[in-house]
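Encoded as structure tokens, the structure appears first; notes follow it.
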Amino acid sequence: MFLEPGESNNVTYSTTTIGTVSSISVEYNCLTSTETISWDAVFGATSYRAVITDGQGRSLNCSSTDTSCQISNLVCGERYTVWITAIANCESTSDGSYFFETAPCPPKAPKVYRECSTSVILFSWEPTNNTAYYFAIAVDSDGLVTECVTVETSCYFTDTVCGQTYSFYVSAVYTGGLDCNSGKTEGLVVKTAPCLPQNIYAIANCNSISSVIITWDKAAGAEAYVVEARGNRKDFYNCTSANTSCTLTDLDCGESMSVWIVAKNGECTTDPVMGDVADTVPCIPQNVSAVDTCSSDSASFTWNFASGAIIYIGMAVHVTGTVHTCAAMATECTFPDLQCGEEYDAYVLSTNLKCNSSESQHITLQTAPCAPVSVGATRDCAANQAVVSWQALQTGSLYTAVLQDEHGPTVNCSSSSNNCTFTNLLCGMKYNVTVTTNDGQCGSQPSTPIQIQSVPCDPQNITTVLQCDTNTANVTWTASAGANGYTAMATDGQQQRLASCHSMGTSCQLTSLPCGMRLNVTVQADGATCNSSSQPKAVVETAPCVPTNVAAALNCSSNIASVTWQSALGATWYLVKAEGNQGYKTSCNNTVTHCDIPNLQCGQEYTITVMGMNGNCVGPASQPVTLVSAPCPNTGIRASLDCSTNSALISWTPGNGSLSFNATLKSFQDPQKHNCLTNGSSCSISSLPCGQHYNICVTGYGQTCSTSSKSLVTLDTAPCVPTQVNVSLSCGSDTASVSWAASSGLVSYYTVTAVDDFGHTLTCNSSSTSCDIRGLACGQTYNVSVTAMSMDCTGQRSEVRRINAAPCAPQSVVSQLLDCQTGDVQISWQSSKGAQIYYAQAKSTNKTLLCNSTSTSCTIPALGCGQTYNITVVAEANGCSSNASAISQVTAGKVTFEQTE
């Protein structure tokens, strides 16, 4: 049998063989390549010999007098057959059917196959005997181990890293157990391709046009580098280096070269890696020449294209050392901001933004003459002409002054001196004035323009519109040429200026004009130096003045206000307005100084103003005066009564305009007048007589007038106390009759109340003056009173009358014969509620005997012997008797306690 994975290195093989030697077993140690063979003892054997034979017929043996022996130096990867011979006088041998296997030998002929362009390496070997699987590893230069387990005879190691040296090993694992293997082969060493160079830079030597330095980062595994470059003119350059830089030499100016680099390690070469573009120093610009522009503040020059140039830098140097520069991507450049009339030394150089070329040939640039300075103009407004002057900078030059109006036509004036005169200027024109000079080759730029303005033209179409409420006149006119602004003026008949306003447009407002006047309005155009004439052009009539001393009086009965005032300047008639504080408005008008305003609404405070009016305007309102109309009637009058005190609470909704109030109660039966005064909307009147019917009126008092409420509201006080109360008892029943005299006031019904000493109450109601109270309890004393009731009030209770109900019937009556000889009988009972005296009666068939007592017993004498009597007892009080007690019988000669109900 074979060892399974996970079993011990010492494997025991046993079997039972047919023959003399049996139960052979083997313990194999793969670490020491030894085996221990054991077997069962054979009867009669004195020694034993063990022989093992491999597949090639080679044998190993051991002898023992015991039942085991050990054989060393076993060959790897073999299958051994075992024979055991028992030795005595003769020999007996096992049948040779037992065998075992040894651990595999190390794999042979390991090989590695690698392609430089990939990251896969194939590791292979020859197969071995007795092998369960193979275990291969790859160890890189950094000691990183990659494993491969396979039953095949090769492994693919993928994702190998560039620039590494790998050692490959393989071992065969024994089929009999995991811990037995062949041991690994000697390592096979192989290098991967170098890593690609990184960060490749080209650095031009700006001090030399013939070399460029190429640098890069060290690539892992690289032993040498080759740099190749191709220029923009198809030139080819290269260099080789063992370090991380290389210099390309013998280059032409203006070259722009593509650069590649490869890394080598003796076995592999990387793919080319492209780096930065390598630029040599650009070439020097040639054929530099000036451009004739006749500019006073700039100069231009041109040149031929220079190979390798991205930008050209022009330099212009003034004799003072001031340097001007210009930059261009084309082959022409202009120097701005130069001084006029000056010479400059100019040259150009090219740059590729890394290196600059040398300077080109130098040329001279000349700017045009300077423009004249200190140009000024003097105006002569009366002659309508202007004199232009300037400062002469160059002798022998010709100056030309140009006068140009805003519509385009120009007037020229040439002079070799420093001034020139322009005549016959038009009104309202604005002229630009410039001066130029010419040196015979170039003309200067025009001088800085100055402006002169002729006399403004007169404004036309003057109109006025008055804002009556502010006495402000809006003045408008048509714009006049040459005006910088306008001044409008208002004058009276004596040409005295009363108001003026200034405007940059064609309108302005003359404010604060005097009221009630007729004024002349003129408009003057303002120029920079001269103003236009001003003539009367329009008239404005201002609003009337404010009426004064306004007074108003009110007629309370008609609610008409009479208003008076003093006359206002400029007014032809008057308007009077009255506006209430609740928004009601009314008015009147008149041509004289008084007016009546009718139909004032009640309860409002009116603000009254008077305004004067003319054909165009309503003048400002006078100082307001106030007038309060008669107050409005009070509404929503309500009255409530406190029945217990006959106090009335009167409330109402105040009418507008009332400042105080008087609530009055009037009754035909009550001659006394009851009222209360208040500033609020309610008041109380206390201690009113009972049983009265009152009419209520609430009067409101305003500032000057008063008004009374119009709706009828009434109030009834609580009914008066019933009098002459009389109570009578019906002795034979539980009813008391009560009567009384009728109460004053509005009575709906009467309530009679009877209350006993324990608080138990009996009542009866009646709409007349008598009532019966039923259900009186015997022996009780009652307090009886009468109360008058209205719909809203319960009146005061009448005087109390006490009444006693009939006494209760005596209980537990007992009769006792005292003396049989005399026939005296004693009768006793329990006391009855309400009883004053008791009457006992003994009645036989032929006679009746009585006794009375104020206590609870009495004696009836001489009943006689042998007679039977019915005994009863009644109680009496206040003339009323109770019901008789239960019957008790007694017979003369014997005593009985029986009672018959």
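These numbers come from the heavy atoms of this one structure, side chains and all, not from hydrogens, waters or symmetry mates.
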>> side chain to side chain donor-acceptor pair (under 3.5 Å), that's the test. Do T436 and N438 meet it? Break it down for me.
In response: CA-CA 7 Å; T436 60; N438 193 298; over 6 Å; no
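- A distance-only check finds a donor-acceptor pair linking the side chain of T131 to the backbone of N129 [under 3.5 Å].
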> After noting the C-alpha distance and the side-chain angles of K108 and E126, does the key distance pass the salt bridge (Lys or Arg N to Asp or Glu O under 4.0 Å) rule?
Replying inline: CA-CA 5 Å; K108 295 180 180 181; E126 291 182 353; over 6 Å; no
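- Qualifying side chain to side chain donor-acceptor pair (under 3.5 Å) partners for Q366, counting only residues two or more places apart in sequence or in other chains: none.
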> Does the pair M257 and L251 meet the rule for a side chain to side chain contact (heavy atoms under 4.5 Å, CB included), with working shown?
Replying inline: CA-CA 10 Å; M257 299 180 294; L251 308 177; 3.6 Å; yes
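- Atom CD of E152 has 12 or fewer heavy atoms from other residues, nucleotides or ligands within 6.0 Å.
- Residues passing the salt bridge (Lys or Arg N to Asp or Glu O under 4.0 Å) test with D252, sequence neighbours excluded: R233.
- No side-chain heavy atom of M315 sits less than 4.5 Å from a side-chain heavy atom of H324.
- Residue pairs meeting the ring pair (Phe, Tyr, Trp, His ring centres under 6.0 Å) criterion with at least one partner in residues 196-217, sequence neighbours excluded, are W216-Y225.
- For the atom pair CG (D54) and CG (L74), the distance works out to 10.0 Å, reported to the nearest 0.5 Å.
- Closest approach of S154 to L122, counting heavy atoms only: CB-CD1, 3.9 Å.
- Judged by distance alone, the side chain of N29 and the main-chain N or O of S33 form no donor-acceptor pair under 3.5 Å.
- The number of heavy atoms from other shown groups lying within 6.0 Å of CE (M329) does not exceed 12.
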>> What verdict does the side chain to side chain donor-acceptor pair (under 3.5 Å) test give for S38 and S25, after you've listed the backbone C-alpha separation in whole Å, the side-chain angles of each residue and the deciding distance to 0.1 Å?
In response: CA-CA 5 Å; S38 59; S25 63; 2.5 Å; yes
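- Using a distance-only test at 3.5 Å, with no hydrogens or angles considered, a donor-acceptor pair links the side chain of T367 to the main chain of G341.
- Sorted by first and then second residue, the salt bridge (charged side-chain N to carboxylate O under 4.0 Å, His left out) pairs with a member in residues 130-147 form an empty list; sequence neighbours excluded.
- E223 and K264 are not joined by a salt bridge, as no carboxylate oxygen comes within less than 4.0 angstrom of a charged side-chain nitrogen.
- In this structure, T128 contributes its side chain and P104 its backbone to no donor-acceptor pair below 3.5 Å.
- Between the CH2 atom of W303 and the OG1 atom of T331 there is a distance of 6.5 Å, given to the nearest 0.5 Å.
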>> Using the rule given for side chain to side chain donor-acceptor pair (under 3.5 Å), can you reason through S241 versus N243, listing the C-alpha separation, both sets of side-chain angles and the distance that settles it, and then say yes or no?
In response: CA-CA 5 Å; S241 174; N243 50 36; 2.4 Å; yes
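- Looking only at distances, a side-chain donor or acceptor of N352 sits under 3.5 Å from a matching main-chain atom of T280.
- Note that CZ of R230 and OH of Y237 are 10.5 Å apart. Values are rounded to the nearest 0.5 Å.
- The two atoms that bring A229 and L248 nearest to each other are CB-CD1, 3.5 Å, heavy atoms only.
- In this structure, the side chain of T46 engages the main chain of I87 through a donor-acceptor pair within 3.5 Å.
- Listed for the Y166 side chain is a donor-acceptor partner under 3.5 Å among the backbone atoms of V161.
- Y312 places a side-chain heavy atom less than 4.5 Å from the side chain of F305.
- Contact annotation: the side chain of F99 never approaches that of Y80 to less than 4.5 Å [non-hydrogen atoms, C-beta and beyond].
- Taken to the nearest 0.5 Å, the SG atom of C370 stands 11.0 Å off from the CD atom of Q445.
- Y28 places a side-chain N or O within 3.5 Å of a backbone atom of A103 that can act as its donor or acceptor partner.
- Distance check, rounded to the nearest 0.5 Å: SG of C76 to OH of Y174 gives 12.0 Å.
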>> Could you walk me through whether Q164 and S141 satisfy the side chain to side chain donor-acceptor pair (under 3.5 Å) test, starting with their C-alpha distance in whole Å, then the side-chain angles of each, then the deciding distance to 0.1 Å, before giving a yes or no?
In response: CA-CA 6 Å; Q164 290 284 336; S141 307; 3.2 Å; yes
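- Annotation for Y156: atom OH does not count as buried by contact number, only 12 or fewer foreign heavy atoms lying within 6.0 Å.
- Among residues two or more places apart in sequence or in another chain, the side chain to side chain donor-acceptor pair (under 3.5 Å) test is passed with T32 by T34.
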> Given Y134 and C148, is the side chain to side chain contact (heavy atoms under 4.5 Å, CB included) satisfied, shown in steps?
Replying inline: CA-CA 8 Å; Y134 300 95; C148 174; over 6 Å; no
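- The side chain to side chain donor-acceptor pair (under 3.5 Å) search around Y113 returns E115, not counting sequence neighbours.
- Classified by interplanar angle (parallel below 30°, tilted 30° to 60°, perpendicular above 60°), the ring pair F123/F157 is tilted.
- Proximity of the aromatic rings of F301 and F335 is defined here by a centroid distance below 6.0 angstrom, and this criterion is met.
- Checking side-chain atoms of T249 against main-chain N and O of S211 turns up no donor-acceptor pair under 3.5 Å.
- The number of heavy atoms from other shown groups lying within 6.0 Å of CD (Q56) is above 12.
- Under the 4.5 Å side-chain criterion, counting only non-hydrogen atoms from C-beta, Y347 is not in contact with Q361.
- Within a 6.0 Å radius of CG in N199, other residues, nucleotides and ligands contribute more than 12 heavy atoms.
- With hydrogens and angles disregarded, a donor-acceptor distance shorter than 3.5 Å links the side chain of T102 to the backbone of G77.
- Annotation: the span from C246 atom SG to N238 atom CG amounts to 8.0 Å, rounded to 0.5 Å.
- For I284 against S360, the heavy-atom pair with the smallest separation is CG2-CA, 3.8 Å.
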> Under the side chain to side chain contact (heavy atoms under 4.5 Å, CB included) criterion, do V227 and T240 qualify, and how do the steps go?
Replying inline: CA-CA 6 Å; V227 177; T240 303; over 6 Å; no
>> side chain to side chain contact (heavy atoms under 4.5 Å, CB included), that's the test. Do V319 and Y344 meet it? Break it down for me.
In response: CA-CA 7 Å; V319 67; Y344 292 86; over 6 Å; no
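- Annotation: side chain of T302 is in contact with side chain of V291 (closest heavy-atom distance under 4.5 Å).
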